[in-house]
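The structure follows.
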Amino acid sequence: CLAISVKGAGKTLTFACAYRPPSSPAATWSVIRDWLDELDCRCGGDLIVVGDLNDDLLKQRSTLSTILSCSNIVNHVRSPTRVTASSSTLIDVILAKTGLIDNCKVMTDIDISDHFPVCARVSLPRSACLPAPSPTRRWKSVN
């Protein structure tokens, strides 16, 4: 897991990336739940988590779905991210609070891995502060 916070215009945005191997023991989920809770509390602003957590969110009772139902974080990916001849799964996620992510797309036309790339746009409010004016000279009026 990796996380980085960016501060600017009075806001903090934390990006985090995580990978959970498919063969991980069940106890790994409590570590992931605690990590998400800690990030959400510590980041002091908005949080975006991306990664491959190897839990199929297309299944009704996935472990990750249960964890997310107890938080204010949702998965914005809605379609399968890994498709084979025998299966179709949603295991790659973009997790964030509602309203922070829009236009999330699984790019099924790009074949660079056994997972489809996923992209999204982050919706940040514009700063209410205007940039400070920089002094300039009018060269036409200089003799």
Side-chain angles (χ1 to χ4, degrees), residues 1-140:
C1 301
L2 173 71
I4 184 168
S5 292
V6 179
K7 294 181 182 183
K11 297 274 294 176
T12 300
L13 179 60
T14 300
F15 291 96
C17 182
Y19 173 71
R20 180 190 154 273
S23 58
S24 296
T28 305
W29 285 114
S30 64
V31 173
I32 290 173
R33 182 195 63 229
D34 293 346
W35 179 69
L36 286 171
D37 287 344
E38 184 173 343
L39 276 176
D40 193 30
C41 290
R42 281 187 172 202
C43 73
D46 292 316
L47 170 66
I48 299 172
V49 179
V50 299
D52 176 359
L53 297 180
N54 281 299
D55 188 36
D56 187 6
L57 290 171
L58 295 177
K59 292 182 181 176
Q60 283 189 329
R61 293 188 178 153
S62 73
T63 306
L64 183 57
S65 298
T66 304
I67 291 170
L68 294 177
S69 70
C70 299
S71 73
N72 60 352
I73 301 170
V74 297
N75 180 37
H76 294 270
V77 182
R78 300 285 180 233
S79 57
T81 58
R82 185 170 187 270
V83 177
T84 68
S86 60
S87 69
S88 181
T89 56
L90 195 170
I91 57 178
D92 302 289
V93 298
I94 296 179
L95 309 175
K97 295 175 183 174
T98 303
L100 186 59
I101 300 290
D102 66 0
N103 201 22
C104 185
K105 293 181 182 178
V106 176
M107 301 167 62
T108 58
D109 58 336
I110 299 176
D111 189 18
I112 60 172
S113 166
D114 63 332
H115 296 240
F116 294 129
V118 180
C119 66
R121 183 174 41 224
V122 179
S123 298
L124 296 175
R126 293 196 173 258
S127 172
C129 300
L130 296 174
S134 59
T136 59
R137 294 181 189 224
R138 294 186 176 230
W139 293 106
K140 289 183 180 181

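Atom set for the values below is all heavy atoms of this structure, side chains included, hydrogens, waters and symmetry mates excluded. Numbering starts at 1 and runs along the sequence shown.
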Next on the checklist: Between Trp29 and Thr66, is there a side-chain heavy-atom distance shorter than 4.5 Å?
Outcome noted: no

Checklist entry - Mind checking what makes side-chain contact (heavy atoms from CB on, under 4.5 Å) contact with Ile4, not counting sequence neighbours? => result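 side-chain contact (heavy atoms from CB on, under 4.5 Å) check on Ile4 returns Phe15.
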
Checklist entry - Mind checking what makes side-chain contact (heavy atoms from CB on, under 4.5 Å) contact with Thr108, not counting sequence neighbours? => result Val106, Phe116

Item to check | Residues, nucleotides or ligands: over 12 heavy atoms within 6.0 Å of Asp111 CG | outcome: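 12 or below, so no.
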
Checklist entry - Going from CG on Leu47 to CD1 on Ile73, what distance comes out if it is rounded to the nearest 0.5 angstrom? => result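 The CD1 atom of Ile73 is 5.0 Å from CG of Leu47, to the nearest 0.5 Å.
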
Checklist entry - By salt bridge (Lys or Arg N to Asp or Glu O under 4.0 Å), which residues pair with Asp114, not counting sequence neighbours? => result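 Asp114 satisfies salt bridge (Lys or Arg N to Asp or Glu O under 4.0 Å) with Arg82 only.
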
Item to check | Any residue meeting salt bridge (Lys or Arg N to Asp or Glu O under 4.0 Å) with Lys7, in chain and number order, not counting sequence neighbours | outcome: none

Checklist entry - Taking only residues at least two apart or on different chains, which pairs with a member in residues 83-102 satisfy side chain to side chain donor-acceptor pair (under 3.5 Å)? => result Thr81-Asp92, Thr84-Ser87, Asp92-His115, Asp102-Arg121, Asp102-Ser123

Next on the checklist: Apply side chain to side chain contact (heavy atoms under 4.5 Å, CB included) to residues Leu100 and Leu13 and explain how you reach the verdict.
Outcome noted: CA-CA 10 Å; Leu100 186 59; Leu13 179 60; 4.2 Å; yes

Next on the checklist: Distance check, rounded to the nearest 0.5 Å: Leu39 atom CG versus Asp34 atom CG?
Outcome noted: 11.0 Å

Checklist entry - Run the side chain to side chain contact (heavy atoms under 4.5 Å, CB included) check on Arg78 and Cys104 step by step: do they pass? => result CA-CA 8 Å; Arg78 300 285 180 233; Cys104 185; over 6 Å; no

Item to check | Under 3.5 Å: donor-acceptor pair, side chain of Asn103, backbone of Ala120 | outcome: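 Judged by distance alone, no pair lies under 3.5 Å.
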
Next on the checklist: As an exercise, state the distance from CZ of Arg33 to CD1 of Ile67, rounded to the nearest 0.5 Å.
Outcome noted: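 Between Arg33 CZ and Ile67 CD1, I get 6.5 Å after rounding to 0.5 Å.
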
Check residues 16-27 and write down every donor-acceptor pair under 3.5 Å in which the side-chain atom is one partner and the other belongs to a residue at least two apart or another chain.
unit_1, atom_1, unit_2, atom_2, d
Arg20, NH1, Leu53, O, 3.0
Arg20, NH1, Asn54, O, 2.9
Ser24, OG, Pro21, O, 2.8

Checklist entry - At what distance, to the nearest 0.5 angstrom, does CG of Leu36 lie from CG of Leu95? => result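 CG of Leu95 is found 6.5 Å from CG of Leu36.
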
Next on the checklist: Run the side chain to side chain contact (heavy atoms under 4.5 Å, CB included) test on Leu90 and Asp56 for me, step by step, so that the C-alpha distance in whole Å, both residues' side-chain angles and the decisive distance to 0.1 Å come before the verdict.
Outcome noted: CA-CA 5 Å; Leu90 195 170; Asp56 187 6; 4.1 Å; yes

Item to check | Separation of Asp40 CG from Asp46 CG (nearest 0.5 Å) | outcome: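 Answer rounded to 0.5 Å: 9.5 Å.
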
Item to check | Between CG on residue Asp55 and CD1 on residue Ile91, distance to nearest 0.5 Å | outcome: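 Going from CG on Asp55 over to CD1 on Ile91, the span is 9.5 Å.
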
